[in-house]
Structure formats: C-alpha cells, structure tokens
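These figures come from a predicted structure and were not determined experimentally. Chain letters run A, B, ... following the sequence lines, proteins first, then strands; residues in each count from 1.
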There are 2 protein chains.
Amino acid sequence: MDDQPRASQTVRTLLQLRELILNGDLSPGERVSELGIVERLGVSRTPVRVALVRLEEEGLVDCLPTGGFVVRAFSEADIADAIQLRGVLEGMAAQRAAERRLSRDELSDLRDVVGSLDALVRQRDLTIDDFSDYIRLNDRFHGLLLHLADSPVLKRSMERVLSLPFASPGAFVRVQAELPESREILVIAQEHHRAILDAIENGEGSRADHLAREHSRLARRNLDISVKNQRQLDRVPGASLIRLRRA
Amino acid sequence: MDDQPRASQTVRTLLQLRELILNGDLSPGERVSELGIVERLGVSRTPVRVALVRLEEEGLVDCLPTGGFVVRAFSEADIADAIQLRGVLEGMAAQRAAERRLSRDELSDLRDVVGSLDALVRQRDLTIDDFSDYIRLNDRFHGLLLHLADSPVLKRSMERVLSLPFASPGAFVRVQAELPESREILVIAQEHHRAILDAIENGEGSRADHLAREHSRLARRNLDISVKNQRQLDRVPGASLIRLRRA
DNA sequence: TAACGCCATGCTGTATACAATAAGAGCGGC
DNA sequence: GCCGCTCTTATTGTATACAGCATGGCGTTA
C-alpha cells in the first residue's frame, strides 16, 4: 500500500485514486464520495479534492452539476475515438520530426529503437517477456517520436490523450499476448515503424504523417479483436482492459 | 467586479484568475501567490487552490517543484505550434463530419452559418461591428464542425488547445480589424469555409481534412503579420494579444 | 392507498488553523 | 572583505470545522 511514502499526500492520493478507478475498484458511473476516499486512503479531504479536480481535467471523472464527482464511463466508441485522435496527433509528431533538422544523436536513437524492435520481432517464438520488451521498446519509439517533434504544446496534448488508459496500444498488446493474431500484428506494426523511420530520414513529412495515422489503425483493429474475442468490454471497457493489463 | 454574484466562489475565482493572467495583470514567469490572490479577489485559499490546479491542467500556469505556481510564458513558437495543432484537430473533426451521416438539420445549420458569413464578407466596407459578427459566426462555424464530428474525446482535446488564448483566430482578427490585410484574409478564410462545407456535403473526408489544415495556416499567417506589424508579441505574446482583444 | 410535505442526514463548498519547508536577511567567523 | 551559517519569515501543504443544500425516508392527509 505504502508504495511511495516519500511522495506528498496529494501525489500519492492522485496516483492511488487513479489506480482505484483504473482497476475498476470504483465502477464507472459510480459517485466518488470524498469521505469514502478519505477513509480508504487515510488522508484528509484536501488532497482528495485536488486529486479529483486533476482527474476531472484528465477525463477519468466527471463533476456533477449538483457537486461531487462520478467515475466516467467510456463507451467503445470513445475508445475508438481516442485511438483515432492519438493517431492524428502522432501523425503531426512524425511530420514535424521529418520536416525538422534532426541531430545525429536523435536520428541514431530512433534507429536504435527500430533496430531493437526488428531483432525482437524476427525471433520465431516470442515469450511473454519478449512481449514485455516489445511494449517497452514500442513505448520508447512513440515517446521518441513525440520528442523529435519538438513541440511542448503537442506533447502536452498527447499526454492528455494517453492518460485515457485505453489509448495506449501497450494495453492491447498485453491483453492479446497469447492471441494467435498477436504475432502477425507485431510484425505489421514493426513494418510501420520502419516505414515511419524511413520517411523521417528522408524528410518526407506528409508521408510520415500518413504512415503514423495508418499505424494507429492497428490499435483500432486490436480493439475490435478484443471486443470480439474476449467480451472484456461489455460493461467496463477501460477498467477491464487495465485489469487484464496488470494480471 | 461582481460580474457573476450567483456563481460559486470556485467558478468565479477561476474566471477572474484566468482574466488576470490573460490581461497581463500577472506577468509570465511571475509567481502566483495564493495569499496575493486571496487579497485581490476576496475569497479564501481553498477556491484559489482549486482554480490554480485547473489553470495548471489548462496550461496557463506551471507548478513549481518546490510548490506554488508561476504564470506560464509562451514563446512565439508555442503559439505557432498551438495553431498547427488546432488545425490538425480541426482536420480530424472535418473528416469525421464528412464521413458521418449527417442529419438534415445538422447540414442546414452548417449551410446557414456559411451563408451568413458569405453575406457578411460580400459587403464592400466592413465596420468594426461587422468584424465582431464575423468572429461570432466564425466561432460558430468551427464549433459546429466540432459538434458534427460527434466525438466527445476530440471535443475535449480541442477545448484544451483552444484554452490557449492565442490559438483562437478570433483574437487575431480583432487585433487586425484595421489592418489592410484583414479584408483579404477574411475573404480567403471564407473561401476555405465554403470549400470545407462542400467537402463535407460530398462526403470527401480526406479533402475536408486537408482543407481544414490549410485553413489553419491562415491563423499562422495572422500570427506572422501581428509579430511584424505591431511588435505586440515582444515579451508577453498571449497576454498582449488578449489585451488588445478587449481594447 | 397513494401522494405530498417535512424532517433528518450526509454530502459538498468554503473558510481557517496548524505544521513543515524553503527562501532571504543578518550576523559571525575566516 | 567575503563566505557561510543560522534564524526568521513568509508561503505552501494538510487537516478540520462550519454552513448550506440536495436527497431520501417517513409520517400524515386526502
């Protein structure tokens, strides 16, 4: 429980409250009582309030007109929209990266990540650990893309969307680590990564944009597969995904 | 001062604090003292804190590692990025609107707005009131686009960017109501609006996307003109724009 | 029996008190 | 004379007390 005894109450409360929502301990639509959280987390109302306001801005809870907050319920359409939005933003990032003059280091960083991903995907059998590595490298690739875009405004906006848990492709990959489609999807994704790198190296901004958007359709496909195969999204889409993610 | 005696303290504080920042009463980089605001607005620390947290999420202030907040300083590059980002998001909205099945009412609403804008722009001499009307209709057009996209996620994201004051083309138009370039820009903008409407009517999503992005380059041009003509952006870009906006 | 109204309870919004910490000024030593 | 240390002060983080309000249950009446 006391994961971070050093952190301030506010930060700890924010993190724990987010966990609570993401884990489904607080169901979507459920009203979040300040006092209830106070009891649960053992802090006073003040940090809880701040955390709730932040989560509201983050989009995980909505505030009621009468006062107080409820856990926000996400529909499958919301998830799909977030994926699309993420793709669009990443397209902008890729385009900017391609049209910018990149330093030698920046380029080699990106090449390294793609190279590592290549090596990983080329393996015949992928263990669960390989999947973990893939996710880490994949996150690294997308983080690097955002960094290379060199736009704090864009970065901020992207972080907002990523804060919606389901928009992270990592979750889907995790969920589907044992699905037969998974390997194929990884291979395709890696082809995308290579293509995006190529576009950036050649300064083809428009192509980089297009490729990044196309890449996001993979996450959309993952979503569809999840819905069909596992019926995990019946009632609590975001939450169940995340629950699986940490299982 | 007591603009909204009915509203809650928190909302009033948020609005007033935002005004203070946007008007430049609090300079970028300046530390925002809670007690200072308490004195200035005559409320207790609690609503001030909440307002500051919200403004931090909104991007108008940054929180210091040591605690407390400072007014965020925006560079010209930030403004340009926000304009680009806004264009990208609006492109997504336009694309979605084009690829969606729109109701008769929705379409006629959009047509009405474009029609009104047409009538306005066709006039030979534009008074300052005409400019105000233009801005209102222009906002309406862009708001409608966002509505037609039918994506709460996208809407939320867009609102975040729009909250950066400078990203609103209205401010620029206002600033430049008497500049010789203004009329020309309005005419071009209106051509864009018509083209976007046309693309949506014909279900050409990709074209709508492209047009909307192109449209945002107008705002970028406005920014450049502002910088060159008036040197308003020397030190306090966002703030000075807004200051002019209400002059 | 059903509907209306009143009362009680629990909630949030707001204010303020307390504690810990960081910054700054002043003094002392080197 | 300058650097460093300490003490003071101001400011934030946290907790809690108070008030207003919405909600829900219960009783009464038509």
Where does the angle between the aromatic ring planes of Tyr134(B) and His193(B) fall among parallel (under 30°), tilted (30 to 60°) and perpendicular (over 60°)?
parallel

Segment of DNA chain C, first to last nucleotide, that comes within the 4.0 Å heavy-atom reach of chain B:
dT14(C) to dA22(C)

Arg31(B) vs Arg49(A), nearer the 5' end of DNA chain C by closest nucleotide:
Arg49(A)

For Thr46(A) and Ser33(A), find the nucleotide of DNA chain C closest to each by heavy atoms; which residue's nucleotide sits nearer the 5' end?
Ser33(A)

Specify the closest pair of heavy atoms between Pro152(A) and Asp81(B), including all atoms of both residues, with the distance to one decimal.
CD-OD2, 4.4 Å

Does Arg100(B) CZ have over 12 foreign heavy atoms under 6.0 Å away?
yes

Output, in order, the C-alpha distance, side-chain angles, deciding distance and verdict of side-chain contact (heavy atoms from CB on, under 4.5 Å) for Arg40(B) and Asp25(B).
CA-CA 11 Å; Arg40(B) 221 156 164 166; Asp25(B) 294 330; 3.8 Å; yes

Which is true for Val48(B) with a 4.0 Å heavy-atom rule: it touches a base, it touches only sugar-phosphate, or it touches nothing?
nothing

Could you pick out which residue, Arg45(A) or Gly68(B), lies toward the 5' side of DNA chain D when each is mapped onto its nearest nucleotide?
Gly68(B)

Heavy-atom count around Arg140(A) CZ within 6.0 Å, excluding the residue itself: above 12?
no

Hey, does Arg72(A) have a side-chain heavy atom less than 4.5 Å from the side chain of Leu60(A)?
no

Once you round to the nearest 0.5 Å, how far does CG of Leu52(B) lie from CG of Leu14(B)?
9.5 Å

More than 12 heavy atoms of other residues, nucleotides or ligands under 6.0 Å from CZ of Arg220(A): yes or no?
no

Send over the distance from Leu64(B) CG to dT12(D) C1', rounded to a whole Å.
11 Å

How long is the line joining CZ of Phe69(B) and P of dT11(D), in whole Å?
15 Å

The helix from dT1(C)-dA30(D) to dC30(C)-dG1(D): angle between its terminal axes, five pairs each, to 10°?
0°

